Colleague: 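Have a look at this one.
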Amino acid sequence: MTDLPEWSLPLCGCLLTTMDFDTESIEYAKQFPVEDTDVFVATFPKSGTTWMQHILSLVLNGGDLTPINTIPNWDRVPWMGSKRLAEIADQLKSPRALATHLLFAKMPPSFHTSKAKVIYVMRNPKDILVSSYYFHQMATFLDDPGTFDEFIDKFLEGRVLFGKWTDHVKSWRRAKLGDRIMFITYEDMVQDLPASIRRISDFLCCNLSEEVIQNIAKCCSFKKMKTNPLSNFSLVSKEYMNNDKSPFLRKGTTGDWKNHFDSQQLTRFESVIHKELEGEDFSLPWSLE
Ligand code: A3P
């Protein structure tokens, strides 16, 4: 890839931000001792990572609100490979929750030999693109996204955070992790959050009561998270993230792509995604059309 964006560091088979990652933090991640009880949220950016970080913090703590009301999400559920992980790793209590945008193959060796579990959150790529377009406007450490039309090209070429969506999805869908991995969609979570939390609780063998599940769902609503400074990124200096330009918790809905793509753009987008997923033995949970 030529003309790399200024904010980017081409490492781990994709583009990382120099704000959060450097070669040392990636080296640290390679040596990171993953524990069997660790739980990872794996996502392509803008798929609902922050939401799942919030849910996991509650599910793994039996619905106790203390972590979500006292610790910012980036320290509660830190990102693999980030500079921050090295700083706070020894403060994490087992069972630890970690987030990753890395490709499956770039996870540390100890992850591959461990029994750590993974929740992979997928989202309709057209909504990811829209969310990312606004994120590029508010995240001032990234380049200006240009017009929506220009941003479609950037997205399809992988000149955005963590590269191509299709590479990410293929890498995790092909992972042979058996019952260590659970796939869920952002759309499932919007449609029925308590049912999604129940699935997560069962997957993690947390055995939560119906009352606790309902309480967790209330705490994880878009409205609640949008006003929680520990999950809405308002604690980050405006120099890096300007919530006035576009809030991090922006709309929290499905299908916003219908308000952004014209028919020519849709055809272009869909034909590239279809081509790149041709021959894969998994099907997407939503129609691309
Ligand atoms: P939108 O920009 O479409 O609103 P990530 O955390 O992976 O960067 O994803 C951010 C997207 O998840 C944003 O989407 C954000 O609003 C949405 N999101 C975060 N918390 C949510 C919640 N509780 N309910 C619904 N959507 C949520």
Side-chain angles (χ1 to χ4, degrees), residues 14 16-17 19-20 40-59 65 68 72-74 76-80 82 97-102 118-139 141-142 145 148 151 155 160-163 165 168-169 172 184-197 200 213-236 240-261 286:
C14 60
L16 310 179
T17 56
M19 187 172 100
D20 297 315
F40 286 85
V41 181
T43 56
F44 186 81
K46 313 321 289 177
S47 302
T49 327
T50 315
W51 196 5
M52 189 54 81
Q53 286 172 302
H54 212 71
I55 294 171
L56 263 192
S57 304
L58 287 157
V59 168
L65 305 186
I68 62 156
N73 78 312
W74 52 85
R76 234 187 302 124
V77 189
W79 273 269
M80 277 311 293
S82 68
L98 297 138
T100 185
H101 290 319
L102 297 177
V118 181
I119 300 177
Y120 189 82
V121 186
M122 289 178 80
R123 186 180 189 187
N124 188 319
K126 287 184 281 203
D127 280 334
I128 292 180
L129 186 147
V130 171
S131 181
S132 186
Y133 177 66
Y134 288 99
F135 181 63
H136 272 247
Q137 293 175 16
M138 68 87 73
F141 60 92
L142 297 175
F148 187 70
F151 192 69
F155 186 88
V160 291
L161 284 173
F162 290 90
W165 177 79
H168 202 274
V169 170
W172 283 95
I184 191 165
T185 64
Y186 179 94
E187 291 74 15
D188 289 338
M189 289 156 66
V190 168
Q191 200 188 348
D192 192 340
L193 187 55
S196 302
I197 296 171
I200 293 162
I213 286 172
Q214 293 298 337
N215 281 337
I216 293 178
K218 278 187 204 140
C219 296
C220 295
S221 71
F222 182 75
K223 235 175 155 179
K224 270 267 160 99
M225 282 184 60
K226 197 175 164 71
T227 52
N228 180 344
L230 301 171
S231 57
N232 67 11
F233 287 87
S234 59
L235 294 180
V236 177
Y240 299 111
M241 281 194 186
N242 191 343
N243 269 288
D244 298 339
K245 281 195 182 167
S246 175
F248 186 94
L249 276 98
R250 191 184 59 91
K251 273 202 172 173
T253 55
T254 59
D256 193 28
W257 60 267
K258 292 175 193 149
N259 302 316
H260 292 79
F261 282 80
W286 357 253

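Bear in mind that the values here come from a model prediction, so they are computed numbers and not experimental data. Counting convention: from 1, in listed order, for ligands and their atoms alike. Sequential numbering from 1 along the given sequence is applied to the chain's residues.
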Colleague: Using the side chain to side chain contact (heavy atoms under 4.5 Å, CB included) rule, take Ile68 and Arg76 through it: C-alpha gap first, then chi angles, then the decisive distance, then the call.
Modeller: CA-CA 8 Å; Ile68 62 156; Arg76 234 187 302 124; 3.8 Å; yes
Colleague: With a heavy-atom distance limit of 4.0 Å, tell me whether Lys46 approaches ligand 1 through its side chain, its backbone, both, or neither.
Modeller: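 The part of Lys46 near ligand 1 is both the backbone and the side chain.
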Colleague: Taking 4.0 angstrom as the limit and counting only heavy atoms of Lys251, give me the atoms of ligand 1 inside it, by number and element.
Modeller: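 Answer, ordered by atom number: 4 (O).
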Colleague: May I ask you to identify, for Ser131, whether its side chain, its backbone, both or neither come under 4.0 Å of ligand 1 on a heavy-atom basis?
Modeller: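 For Ser131, the contact with ligand 1 is made by both the backbone and the side chain.
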Colleague: Classify the angle between the aromatic ring planes of Tyr134 and His260 as parallel (below 30°), tilted (30 to 60°) or perpendicular (above 60°).
Modeller: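 Geometry flag for His260 against Tyr134: perpendicular rings.
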Colleague: Between His136 and Phe151, does the ring centroid distance fall short of 6.0 Å?
Modeller: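 Yes; Phe151 has its ring centre under 6.0 Å from that of His136.
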Colleague: Any sub-3.5 Å donor-acceptor pair from His101's side-chain atoms to Phe44's backbone N or O?
Modeller: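 No, His101 side chain to Phe44 backbone: no donor-acceptor pair under 3.5 Å.
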Colleague: Between Asp188 and Thr185, is there a side-chain donor-acceptor contact under 3.5 Å, judged purely by atom types and distance?
Modeller: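 Thr185 vs Asp188: donor-acceptor pair found between side chains.
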Colleague: Which heavy atom of Leu102 sits nearest a heavy atom of Thr100, and at what distance?
Modeller: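 Between these two residues, the closest heavy atoms are N-OG1, 3.0 Å.
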Colleague: Heavy-atom contacts with Ser47 under 4.0 Å: which atoms of ligand 1 show up? List them by number with element.
Modeller: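 Counting atoms of ligand 1 from 1, those under 4.0 Å from Ser47 are 7 (O), 9 (O).
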Colleague: Atom 7 (O) of ligand 1: which protein heavy atom is closest, and how many Å away?
Modeller: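 Among all protein heavy atoms, the one nearest atom 7 (O) of ligand 1 is Thr49 OG1, 2.5 Å.
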Colleague: Could you tell me which atoms of ligand 1, counted from 1 in the order shown, lie closer than 4.0 angstrom to a heavy atom of Met225?
Modeller: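 Listed by number with element: 20 (N), 23 (N).
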Colleague: Consider ring pair (Phe, Tyr, Trp, His ring centres under 6.0 Å). Of Phe222, Tyr240, Phe135, Trp51, which one does Phe248 pass it with?
Modeller: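 So the option named by the test is Phe135.
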Colleague: Could you tell me if any non-hydrogen atom of Leu249 lies under 4.0 Å from any atom of ligand 1?
Modeller: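 Flag set, Leu249 near ligand 1.
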Colleague: Is it the case that atom CD in Gln191 sees more than 12 heavy atoms from other parts of the structure closer than 6.0 Å?
Modeller: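 Count not over threshold, so no.
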Colleague: In terms of atom number and element, which parts of ligand 1 are under 4.0 angstrom from non-hydrogen atoms of Ser221?
Modeller: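 Near Ser221, meaning under 4.0 Å from one of its heavy atoms, ligand 1 has 23 (N).
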Colleague: Tell me whether Glu187 contacts the main-chain N or O of Asn124 through its side chain, where contact means a donor paired with an acceptor under 3.5 Å.
Modeller: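 Checking the backbone N and O of Asn124 against the side chain of Glu187, a donor-acceptor pair under 3.5 Å is found.
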Colleague: Test your reading of the structure: does Gly48 have an N or O sitting under 3.5 Å from an N or O of ligand 1?
Modeller: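 Yes: some nitrogen or oxygen of Gly48 is under 3.5 Å from one in ligand 1.
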Colleague: For ligand 1, which atoms sit closer than 4.0 Å to a heavy atom of Cys220?
Modeller: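 Under 4.0 Å from Cys220, ligand 1 has these atoms: 23 (N).
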Colleague: Give me the ring orientation class for Tyr133 and Phe148: parallel if the planes are under 30° apart, tilted from 30 to 60°, perpendicular past 60°.
Modeller: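 Correct class here is perpendicular.
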Colleague: Starting from atom 6 (O) of ligand 1, locate the nearest protein heavy atom and write down its residue, its atom name and how far away it is, to 0.1 Å.
Modeller: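 Answer, as residue, atom name and distance: Thr50 OG1, 2.5 Å.
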Colleague: Tell me the nearest of Gln53, Arg250, Arg123 to atom 11 (C) of ligand 1, using heavy-atom distances.
Modeller: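 Considering heavy atoms of Gln53, Arg250, Arg123, the nearest to atom 11 (C) of ligand 1 sits in Arg123.
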Colleague: Considering distance alone, does some N or O of Trp51 sit under 3.5 Å from an N or O of ligand 1?
Modeller: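 Checking ligand 1 against Trp51, an N or O pair does fall under 3.5 Å apart.
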Colleague: Can you check whether Pro45 has an N/O within less than 3.5 Å of an N/O in ligand 1?
Modeller: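 It does not: no N or O of Pro45 is found under 3.5 Å from an N or O of ligand 1.
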Colleague: Out of Phe233, Tyr186, Phe222, Phe248, indicate the one that has the non-hydrogen atom closest to atom 17 (C) of ligand 1.
Modeller: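 Ranked by closest heavy atom to atom 17 (C) of ligand 1, first place is Tyr186.
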